[in-house]
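The next block holds one structure in the form of structure tokens; read it before the comments.
All residue numbers refer to positions in the sequence shown, counting from 1.
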Amino acid sequence: MEDAVTGPAPGPDVRMAGARTSAAPGRQWWTLGVISLAQLMVVLDATIMNIAMPSAQKDLGFSSGDRQWIVTTYALAFGGLLLLGGRLGDRFGRKSAFLIGLVGFAAASAVGGAATSFTMLVIARALQGMFAALLAPSALSLLTTTFTESRQRARAFGVFGAVGGAGSAVGLLLGGVLTEQLSWRWTLYVNLIIAGVAVLGAVLLLPRPQDNARPALDLPGTALVVGGLFALVDGCANAEPHGWASPMTWGLLVTGAVLLACFTWWQTRAVSPLLPLRVLTDRTRAASFLSILIAGAGMFAIFLFLTYYLQQIRHYSPVDNGLAFIPLIAVLVVTSQITTTVLLPRFGPKPLVPAGMMLAAAGMALLTRLGVDSGYLSHVLPSLLLMGIGMGLVLPTSVSLATFGVEERFAGAAAATANTTQQIGGSIGTAVLNTLAAAATSAFAAGRQATPATLAAAAVHGYAAAFWCTACLFVVGAVMAVSLYRPGPVTGQGSAARQPVHI
């Protein structure tokens with residue numbers, strides 16, 4: 001049986017149609033290092049400012065109500081423009097898009113580090129998100145077209161998935177060290193160092209762009225999807241300060257839904273669609289995109305609320321807070337390598353992703369038992385280990401299969417969709433869970449005397465509500481993965497391994 005985008009199954013050595021092994025074998029792994037470095041910079045910037053936020057707020061004098069926009073603006077620009085960024089890479093060349101994204105991201109970081117006002121910092125964060133939207137899909141599509149042999153591809157995506165999954169935790173750790181030892185401004189200036197190394201490596205290692213067909217830009221589709229995603233994410237962000245019953249919140253959400261529905265309709269009629277919908281009709285890829293969406297929401301939740309717990313309830317320093325996540329990073333990296341090099345080629349995604357989702361759900365359920373005086377070793381560490389193993393099964397598997405079997409000229413669109421789902425999942429998840437936690441905290445504190453002990457207990461109660469909600473989300477993800485993923489290994493039988501034909 002064949003899918004709309006895929007054809008008959010090839011042998012074990014699967015290569016993407018139209019893809020060229022553009023780098024010599026010895027240079028491929030150096031290329032992977034450059035691509036992973038760029039990906040790390042993009043991912044860690046989603047969280048590196050979190051720990052630095054109090055220092056930046058004190059220095060620039062903005063209010064607590066405005067504080068959320070430092071994070072949300074980056075997410076809005078990044079998530080809203082990813083599909084366009086992927087298509088620009090397809091049209092003008094992925095190496096060019098990669099280099100422009102790196103240089104632009106570094107320049108925006110320099111502006112943010114030198115910010116003298118809240119407005120200047122928000123504009124810099126928006127520019128970071130814009131260039132990240134160009135950089136991230138070009139990085140993933142370069143990886144897809146560089147590693148085409150099954151075993152090498154599995155190993156490369158293991159590294160890339162581990163970097164993507166651990167980047168947020170690295171951001172928390174690095175943000176704590178830089179803020180405590182230097183200044184909050186260095187959480188932005190550090191990108192100049194990372195980007196400088198990546199640009200040098202890209203110029204030396206990435207292949208010269210070849211004269212391929214340049215697809216036309218779908219400008220109406222771009223306007224619809226960018227407007228829809230901006231309205232949707234902004235509506236969810238607006239719910240935290242103003243509530244879900246706010247006319248502005250519902251207006252933004254309805255507007256976003258209508259615009260995205262119009263985008264879907266337009267993609268069936270556009271001559272050169274921004275996102276060919278047949279890319280999504282393959283069950284394996286659809287399951288992978290949904291898994292990335294759920295994993296993004298869950299990872300953002302544990303970093304956000306556990307950071308609040310450790311700093312505000314347990315009074316950890318920024319550095320200690322970052323160090324607390326090291327076990328999760330280590331386990332995630334090791335599990336990612338085992339998943340992509342051993343488990344995925346042997347068993348396929350069907351048992352791995354559901355198992356990872358359930359382990360993550362168990363980790364979140366354990367966090368609901370946190371109290372005001374809970375210890376790290378007894379209550380926090382077991383949950384982090386379960387999350388690390390679970391995400392080490394889910395993320396590299398999903399990221400790899402989200403772009404597998406896509407024709408090379410649509411690799412940018414598929415890569416952008418994978419990045420978009422993770423970013424939008426994290427943004428929406430953060431807004432929804434923040435609102436839920438705030439409501440639970442207020443309900444707990446109502447009618448009680450506002451003593452420090454009561455306020456701390458109320459905050460922990462709110463975190464527990466968010467953790468329960470996230471645990472349920474992971475269970476839903478497990479059920480979805482069981483339903484959609486086909487049995488069998490990645491190579492050989494299974495749609496994930498099938499060779500694509502022209503769309």
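Applying the side-chain hydrogen bond (donor to acceptor under 3.5 Å, both in side chains) rule to Ser317 yields the partners Asp320; only residues at least two apart in sequence or on another chain are considered.
Residues Met391 and Thr335 have side chains not in contact (no heavy-atom distance under 4.5 Å, counting atoms from C-beta outward). By the 4.5 Å heavy-atom criterion applied to side chains, Val177 and Leu182 are not counted as neighbours. The shortest side-chain heavy-atom distance between Leu401 and Arg285 does not fall under the 4.5 Å cut-off. In this structure, Pro327 and Tyr376 have side chains that are in contact, with non-hydrogen atoms separated by less than 4.5 Å. Between Leu328 and Leu385 the shortest side-chain heavy-atom distance does not fall below 4.5 Å. Taking the side chain as every heavy atom from C-beta outward, Asn191 and Gln128 approach each other to under 4.5 Å. Taking the side chain as every heavy atom from C-beta outward, Thr284 and Arg486 approach each other to under 4.5 Å.
A donor-acceptor pair under 3.5 Å is formed between the side chain of Ser383 and the backbone N or O of Gly363. In this structure, Tyr189 contributes its side chain and Gly113 its backbone to a donor-acceptor pair below 3.5 Å.
Distance check, rounded to the nearest 0.5 Å: OG of Ser398 to CG of Leu290 gives 9.5 Å. Here the straight-line distance linking atom CG of Asp373 with atom CZ of Arg314 works out to 6.0 Å at 0.5 Å rounding. With rounding to the nearest 0.5 angstrom, the OG atom of Ser109 is 13.5 Å from the CZ atom of Arg185. Note that CD1 of Ile326 is 11.0 Å distant from CG of Leu384, once rounded to the nearest 0.5 Å. Rounding to the nearest 0.5 Å gives a distance of 9.5 Å between OG of Ser183 and CG of Leu188. With values rounded to the nearest 0.5 angstrom, Leu332 atom CG is found 9.0 Å from Met387 atom CE.
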Please tabulate, one pair per line, all N/O donor-acceptor pairs under 3.5 Å involving side-chain atoms of residues 474-485, not counting sequence neighbours.
residue: Ser483; atom: OG; partner: Val479; partner atom: O; Å: 2.9
residue: Tyr485; atom: OH; partner: Ser288; partner atom: N; Å: 3.4
residue: Tyr485; atom: OH; partner: Ser288; partner atom: OG; Å: 2.9

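Ring orientation note: the planes of Tyr463 and Phe305 are tilted relative to one another, at an angle of 30° to 60°.
Surrounding CE of Met248 are at most 12 heavy atoms belonging to other residues, nucleotides or ligands under 6.0 Å away.
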Can Thr339 and Ser336 be said to form a side chain to side chain donor-acceptor pair (under 3.5 Å), step by step? CA-CA 5 Å; Thr339 296; Ser336 294; 6.0 Å; no

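Phe467 pairs with exactly one of Leu366, Leu433, Thr368 by the side-chain contact (heavy atoms from CB on, under 4.5 Å) rule, that one being Thr368.
A cation-pi contact, defined as under 6.0 Å to the ring centre and within 45° of the axis, links Arg448 to Phe444.
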